[in-house]
Amino acid sequence: MIEQILTNKVTEAVKTLYQSDAAPSQIQLQNTRKEFEGDITVVVFPFTKSSRKSPEATASEIGEYLKSNMEEVESYNVIKGFLNITVKKDYWLSFLSTNYGSANFGFRDVSSSQPVVVEYSSPNTNKPLHLGHIRNNLLGFSLSRILQSAGKKVVKVNLVNDRGIHICKSMLAWQRWGNGETPESSGLKGDHLVGKYYVIFDKYFKQQIAGLVATGMYAEEASKKAPLILEAQQILQKWEAGDKEAVDLWKKMNGWVYKGFAETYKTLGIEFDKTDYESQTYLIGKKLVEEGVQKGVYTRREDGSVWIDLGAEGMDEKLLLRSDGTSVYMTQDLGTAMQRYDDYKPEQLIYVVGNEQEYHFNVLKVVLKHLGCEWSESMYHLSYGMVELPAGKMKSREGTVVDADDLMQEMFDTSEAMARELGKIDSFDDEEAKTLYRTIGLGALKYFILKVDPKKNMLFNPAESVDFNGNTGPFIQYTYARIKSVLRKAAEAGYEVSFAPSGSVELLKPERELLRKIHDFPAIVTQAAELHSPAIIANYAFDLASEYNRFYHELTILKEENLSSRALRLSLSQFTAKVIANALWLLGIDVPERM
RNA sequence: GGCCUCGUAGCUCAGUGGAUAGAGCAGCAGCCUUCUAAGCUGCGGGUCAUAGGUUCGAAUCCUAUCGGGGUCACCA
């Protein structure tokens, strides 16, 4: 890579010219801004201390040194403290000809021995997936692909929260008001059916609370004493005791939900290597807590509850086990983490979980450390922000959640309407058209969500998310499809899409800009993996597509009569298509051959 | 209240130590006998929340203040 060579040569220049060692952090390279001539810019301000000359003079001296000592340098110019280097076209052309046919340009082979474990999705089994889960799923899936492409072995894990009081609420409501309704009899997706009874529970529960409050009870007390919640707790106790009736119902309803989830995951296009269930891992956690008590790092109180005091770490006292011996959230996560470590000895253990749980994960890390698990340092919480709606926050109880299945269907419908309006599918058969609606609808949704920095809260505006113009997934997909069309036309005309480097071919500005952009891709993948941010890839993909569109409009391709130029532009187009496809693949977005 | 986090154009977002802070949307004006107009070009739009500080250089780092969000459960 040219950047590496340049870094070395600049170090050498500073050493030779000023008898001084430049620290790696002092060597700042950046892409030259478009309004100036050049490809790569060296910022020379850091060297003026050792040169004891003006920034301009320093830049000129280094520029002169590079020009005579580095064969890739064509020329240079100096503006203030910025040394703009123009790289020889031979470098660019050889970069193009050696890489344009490579299927996995920008991706590294998997080289790590220990895997990175990415846990994401992690749904509760009492209601269907919603918009918040979509952000989670897309981030987790995309991050997995990014890490893998940066050379990591990746294991994608889903941790299903299949036990607890919330499930029992749905079970109770179904027993009482369900009349034996099943997904088959109702025509509802399993997860939606179970979610329906969760809502029914809540409705009657609220009525009971209101009734108790009317008799003079405080609301807080009423919510603990309402008959429905007491019954749900009884079911939970029965379940923990292994009561057959409770367990059978639990299995049946969870089965419906899993079927529904599987469908949603499939439509969304995400998958897992392994699925864990909390009903199986919470016991490991309990054992760990016992161990901690025996080691004396956790303390058991008189009532039987177990605590850890994290005052020394600037945190609170934290409950690890209830007085009745049942486990809490932290207990389960301890168990799950330990199991992950035992199974994989991961290089890094990544949790894709909302930022409202930041404190929880900080505590989890420290609690494990107290147990002597130094590996807890390798846990990384990818803490993403909430998805807000124009009307405000999503609240399941107020019916303001955006259901995942509904949302995807809406995207498909909109893309269909749009494609018809634009007359895009006249030559498509039904099957191909349907695939296109899905590809584009999902492309719009995924890009809309992934282009935002994970850690930030984001606003989901339904009207804007179905927009297919501008900075959107479909714009990028369209750029790809158009390149494919050009390549098809070229093949029909008998032009060969191959590039033989030739000294006589010119490299015009739009071509050079496009090549520079493509040249950045491998570095972008590395950066995205380091920062755990699919948004970096998304924004890059848009920049690249924009760059191609400028190239496309400024230069003819098929009508170009100079053979070398046409070959250059065709191979450049093909290269761009490949990189766009690779970038979108990292985001889990498919590309259409035609649109 | 303690801790965490965010605040950039009318709106949604890029930009985390470098040049005159960028896109898209929305608004206005152009471009389809042409390789796909889901596109391209142009115009207008900014006290980078505020005030200090560090630095040759700050939207970016530090401190304080203001504003939004989160969190501090024998919920998950």
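Throughout, a chain's letter reflects where its sequence line sits, starting with A, and its residues are numbered from 1.
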Sugar-phosphate, base or nothing in reach of Gln357(A), heavy atoms under 4.0 Å: base
Sugar-phosphate, base or nothing in reach of Asp162(A), heavy atoms under 4.0 Å: nothing
Polar atom pairs (N or O), protein with nucleotides 12-16 of chain B, under 3.5 Å:
{"unit_1": "C13(B)", "atom_1": "OP1", "unit_2": "Leu459(A)", "atom_2": "N", "d": "2.6"}
{"unit_1": "A14(B)", "atom_1": "OP1", "unit_2": "Asp453(A)", "atom_2": "N", "d": "2.5"}
{"unit_1": "A14(B)", "atom_1": "OP2", "unit_2": "Lys456(A)", "atom_2": "NZ", "d": "3.1"}
{"unit_1": "U16(B)", "atom_1": "O4", "unit_2": "Lys455(A)", "atom_2": "NZ", "d": "3.1"}

Touch class at under 4.0 angstrom, heavy-atom based, for Pro123(A) against every strand present: nothing
Sugar-phosphate only, base, or nothing, as touched by Val328(A) at under 4.0 Å among non-hydrogen atoms: sugar-phosphate
Under-3.5 Å donor-acceptor pair between Ser323(A) side chain and C74(B) base: yes
Any pair counted as salt bridge (charged side-chain N to carboxylate O under 4.0 Å, His left out), so long as it reaches residues 479-494 of chain A, sequence neighbours left out: none
Which residues share a salt bridge (Lys or Arg N to Asp or Glu O under 4.0 Å) with Glu432(A), sequence neighbours left out: Arg594(A)
Plane angle bin for Phe475(A) and Phe542(A) - parallel if under 30°, tilted between 30 and 60°, otherwise perpendicular: tilted
For RNA chain B, the residues among residues 306-320 of chain A that have a non-hydrogen atom under 4.0 Å from it: Trp307(A), Asp316(A), Leu319(A)
Sugar-phosphate only, base, or nothing, as touched by Leu321(A) at under 4.0 Å among non-hydrogen atoms: nothing
Residue pairs involving residues 441-456 of chain A (criterion side-chain hydrogen bond (donor to acceptor under 3.5 Å, both in side chains); sequence neighbours excluded): Tyr447(A)-Asn471(A)
Candidate list Lys34(A), Lys517(A), Arg516(A), test salt bridge (charged side-chain N to carboxylate O under 4.0 Å, His left out), partner Asp543(A), passing option: Lys517(A)
Glycosidic class, syn or anti, of C11(B) using a 90° window around 0: anti
Stem segments of RNA chain B by first residue number [Watson-Crick or G-U, under 3.5 Å, at least 3]: B:1-7 with B:66-72, B:10-13 with B:22-25, B:27-31 with B:39-43, B:49-53 with B:61-65
Those residues that, when tested against Lys509(A), pass salt bridge (Lys or Arg N to Asp or Glu O under 4.0 Å) (two or more places apart): Glu513(A)
Donor/acceptor link under 3.5 angstrom from Asn355(A) side chain onto base of C4(B): no
Phe82(A)-A19(B) aromatic stacking (under 5.5 Å, under 30°): yes
Arg322(A) side-chain N/O to A76(B) phosphate OP1/OP2 under 4.0 Å: yes
Side-chain-base donor-acceptor pair under 3.5 Å for Thr472(A) and A38(B): no
Every protein N/O within reach of nucleotides 40-42 of chain B N/O, cut-off under 3.5 Å:
{"unit_1": "C40(B)", "atom_1": "O4'", "unit_2": "His553(A)", "atom_2": "NE2", "d": "3.4"}

Phe45(A) aromatic ring stacked with six-membered ring of G18(B), 5.5 Å and 30°: yes
Touch class at under 4.0 angstrom, heavy-atom based, for Lys49(A) against every strand present: nothing
Identify the pairs formed between an N or O of the protein and an N or O of nucleotides 27-30 of chain B at a distance under 3.5 Å, and give each distance.
none

Touch class at under 4.0 angstrom, heavy-atom based, for Glu35(A) against every strand present: nothing
Sugar-phosphate only, base, or nothing, as touched by Ala481(A) at under 4.0 Å among non-hydrogen atoms: base
Residues which pass side chain to side chain donor-acceptor pair (under 3.5 Å) with Lys53(A), listed by chain and number, not counting sequence neighbours: Glu61(A)
Pairwise 5' ranking along RNA chain B for Asn124(A) and Gln28(A), keeping only the more 5' one: Gln28(A)
For Asp191(A), all residues meeting salt bridge (Lys or Arg N to Asp or Glu O under 4.0 Å), sequence neighbours excluded: Lys189(A)
Comparing Ile79(A) and Asn161(A) on RNA chain B - which has the more 5′ nearest nucleotide: Ile79(A)
Side chain to side chain contact (heavy atoms under 4.5 Å, CB included) partners for Ala222(A), two or more places apart: Ile209(A), Leu212(A), Val213(A), Met217(A)
